[in-house]
Amino acid sequence: MQLQLLPLHRQTLLTTSGSSVKLWIKFCRMHTFLLMVVWAILSGASSDTQQADVETLMDNVVVLRVPSFTGSMVHVPLTCGEAFQNEPVFWKKNGQELNPPLQGNQVQVLVEEMKGGNYTCHLSPSGEYLNHTMILIQLNPDNRTVILENREGGHIHCSAPNYTGFFHCSWKRTALRSDASVVLVKAERFTEDIPCELDADASGVRCQDAHCPYKEEQHRISFTVYIRSHARLEAYTKSFYLREIVRPSKLPNLHISDGKVFSWDYPDTWEKPCSFFGLQFEVKLVHSGHPCNSDNQIINITTDATKYEVGVKTKKYVFCVRAQDKFTRGPWSHWSQCTVNKHNVAC
């Protein structure tokens, strides 16, 4: 095989052309990269003001869900109402006129970060009130909770004294959000709504489910409270079967007879017949001066009977007893107790 050499001028031409092509390709790549960066920046900036995740929570309340409060800018559409389509509608935010003024039955307002609020529409800048829309801001996903305390067992605590369908759910606000207010409470089992009534201090609700106490529960109860602090909204949810939250009331009529036999009754609030809604009882004797939940115990037994005969030599101790549903093994009741000091017994 023979290697044929090109003339010198042709070699120079090819070398020069190759360098030019490489430079041109490099330039095009850099140009394309810069265009992509500019497009991403513009798209990111415009998305903050164009993409809106807005949902109507209830009448006159809409929720704007954002991935982060920092840097969020979203246009939210508002309407005063069909009845005011041809009226000279003017808008205010939290009772103050907007600058620049906002006029029209259907408008858009720019919501920046946490700057939601109550938007009202009027017949004139100082005229008759017509309607309002509260805009609340919620993180999506709602994974940074600051309004309610996260106590043992979660933010929401629910309990029931029996199986009649009544239950109570409660929560506690954090110290910095003590002025937070409840916006909405939802409770339902499968597709059926459960009516609830807010406590006077807005720290809990009382609900009444129509569930039959003799019927096996097929579906959980879903409970949600929507609570706001200023324009910030947080939703707290708890799901449970009634049997998981039934806690018998404190055992009544605890007393001693013959100096050593303690007896008590089923709670008045407990379901009957007791043969169907049976309880079991934990009996503890702890050393004098110790609480019932102390590990410094003398005796600890479980019984179905409503009495117990003490056979210990010590003359100073605390007798404790509490109840639990024997079939579902749900929460225990609070302790009932008697303090024994030789011949003196205080129950």
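None of the values given here were measured: they were computed from a predicted structure. The chain is numbered in sequence order, starting from 1.
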Any luck finding a side-chain donor-acceptor pair between Ser263 and His255 under 3.5 Å?
-> yes
Quick one: CD1 on Ile298 to NZ on Lys313, what's the gap to the nearest 0.5 Å?
-> 13.5 Å
Where do Ala305 and Phe281 come nearest, in terms of heavy atoms and distance?
-> O-CD1, 3.2 Å
Any donor-acceptor pair under 3.5 Å linking the side chain of Glu217 with the backbone of Arg243?
-> yes
Can you establish whether the number of heavy atoms outside Ile301 located under 6.0 Å from its atom CD1 is more than 12?
-> yes
No-hydrogen, no-angle side-chain donor-acceptor test under 3.5 Å, Thr164 and Asn162 | yes
Test item: Trp91 side-chain N/O and Gly104 main-chain N/O as donor-acceptor pair under 3.5 Å = yes
Side chain to side chain contact (heavy atoms under 4.5 Å, CB included) between Thr302 and Gln324, worked out | CA-CA 10 Å; Thr302 301; Gln324 177 193 55; over 6 Å; no
Start with the C-alpha gap between Tyr163 and Thr328, add the side-chain angles, then the distance that decides, and say whether side chain to side chain contact (heavy atoms under 4.5 Å, CB included) holds.
-> CA-CA 12 Å; Tyr163 291 96; Thr328 65; 3.4 Å; yes
With no hydrogens and no angle check, is any side-chain donor or acceptor of Arg189 less than 3.5 Å from a backbone partner on Asp209?
-> no
The single option from Tyr241, Phe240, Phe190 that satisfies ring pair (Phe, Tyr, Trp, His ring centres under 6.0 Å) with His219 is Phe190
Test log, rule side chain to side chain contact (heavy atoms under 4.5 Å, CB included), inputs Thr269 and Phe166 = CA-CA 11 Å; Thr269 56; Phe166 170 83; over 6 Å; no
Would you find a donor on one side and an acceptor on the other, under 3.5 Å apart, between the side chain of Arg65 and the backbone of Leu139?
-> no
Parallel, tilted or perpendicular: which fits the ring planes of Trp264 and Phe319, with parallel below 30° and perpendicular above 60°?
-> tilted
Just by distance, do the side chain of Ser336 and the backbone of Leu251 share a donor-acceptor pair under 3.5 Å?
-> yes
Any ion pair linking Glu282 and Lys284 (charged N to carboxylate O, less than 4.0 Å)?
-> no
Has the side chain of Thr174 got a donor or acceptor atom that lies under 3.5 Å from a matching backbone atom of Ile147?
-> yes
Could you tell me whether the side chain of Ser249 and the main chain of Pro161 form a donor-acceptor pair under 3.5 Å?
-> no
Above 12 or not: heavy atoms from other molecules or residues under 6.0 Å from CG of Asp295?
-> no
Is it true that the side chains of Asn60 and Asn131 contain a donor and an acceptor less than 3.5 Å apart?
-> yes
Name all residues meeting the side-chain contact (heavy atoms from CB on, under 4.5 Å) criterion together with Pro273; count only those two or more places apart in sequence or in a different chain, and write none if there are none.
-> Tyr214, Ser275, Phe276
Of all heavy-atom pairs between Ser288 and Val318, which one has the smallest distance, and what is that distance?
-> CA-CG2, 4.3 Å
Would Val182 end up clustered with Ile135 when hydrophobic side chains under 4.5 Å apart are linked, directly or stepwise?
-> no
Residue Asp201 excluded, over 12 heavy atoms near CG under 6.0 Å = yes
When every non-hydrogen atom of Pro88 is compared with those of Phe90, the smallest separation belongs to O-CD1, 3.1 Å
Has the side chain of Trp270 got a donor or acceptor atom that lies under 3.5 Å from a matching backbone atom of Phe277?
-> yes
Are we looking at SG atoms under 2.5 Å apart for Cys169 and Cys207?
-> no
In Å, rounded to the nearest 0.5 Å, how long is the span from NE2 of His230 to CE of Met114?
-> 9.0 Å
Is there a donor in the side chain of Ser203 and an acceptor in the side chain of Ser170, or the other way round, less than 3.5 Å apart?
-> no
CD1-OH distance between Ile227 and Tyr236, expressed to the nearest 0.5 angstrom = 7.0 Å
Looking only at heavy atoms, the pair that brings Ser229 and Ala180 closest together is CB-CB, 4.2 Å
Taking atom CG of Asp268 as the centre, report whether more than 12 heavy atoms of other residues, nucleotides or ligands fall under 6.0 Å from it.
-> no
Any donor and acceptor pair, going by atom type alone, linking the side chain of Glu234 with main-chain N or O of Val146 inside 3.5 Å?
-> yes
Does NZ belonging to Lys215 count more than 12 external heavy atoms closer than 6.0 Å?
-> no
Pair Tyr317-Ile299, side chain to side chain contact (heavy atoms under 4.5 Å, CB included): steps then yes or no | CA-CA 10 Å; Tyr317 59 87; Ile299 290 175; over 6 Å; no
Does Lys93 NZ have over 12 foreign heavy atoms under 6.0 Å away?
-> yes
Going through the distances and angles, do Thr237 and Thr224 end up as a side-chain hydrogen bond (donor to acceptor under 3.5 Å, both in side chains)?
-> CA-CA 4 Å; Thr237 300; Thr224 304; 3.1 Å; yes
State the CG-CD distance between Asp325 and Gln280, to the nearest 0.5 angstrom.
-> 8.5 Å
Starting at CD of Gln96, measure out to OG1 of Thr120 and round the result to the nearest 0.5 Å.
-> 10.0 Å
Do other residues, nucleotides or ligands put more than 12 heavy atoms under 6.0 Å from Gln103 CD?
-> yes
Would you say Tyr308's side chain and Val283's backbone share a donor-acceptor pair under 3.5 angstrom?
-> no
Looking at Val183, Val62, Leu64, which hits side-chain contact (heavy atoms from CB on, under 4.5 Å) with Leu136?
-> Val183
Do NZ/NE/NH1/NH2 and the carboxylate oxygens of Arg177 and Glu149 come within less than 4.0 Å?
-> no
From NZ (Lys92) to CG (Asn118), nearest 0.5 Å = 12.0 Å
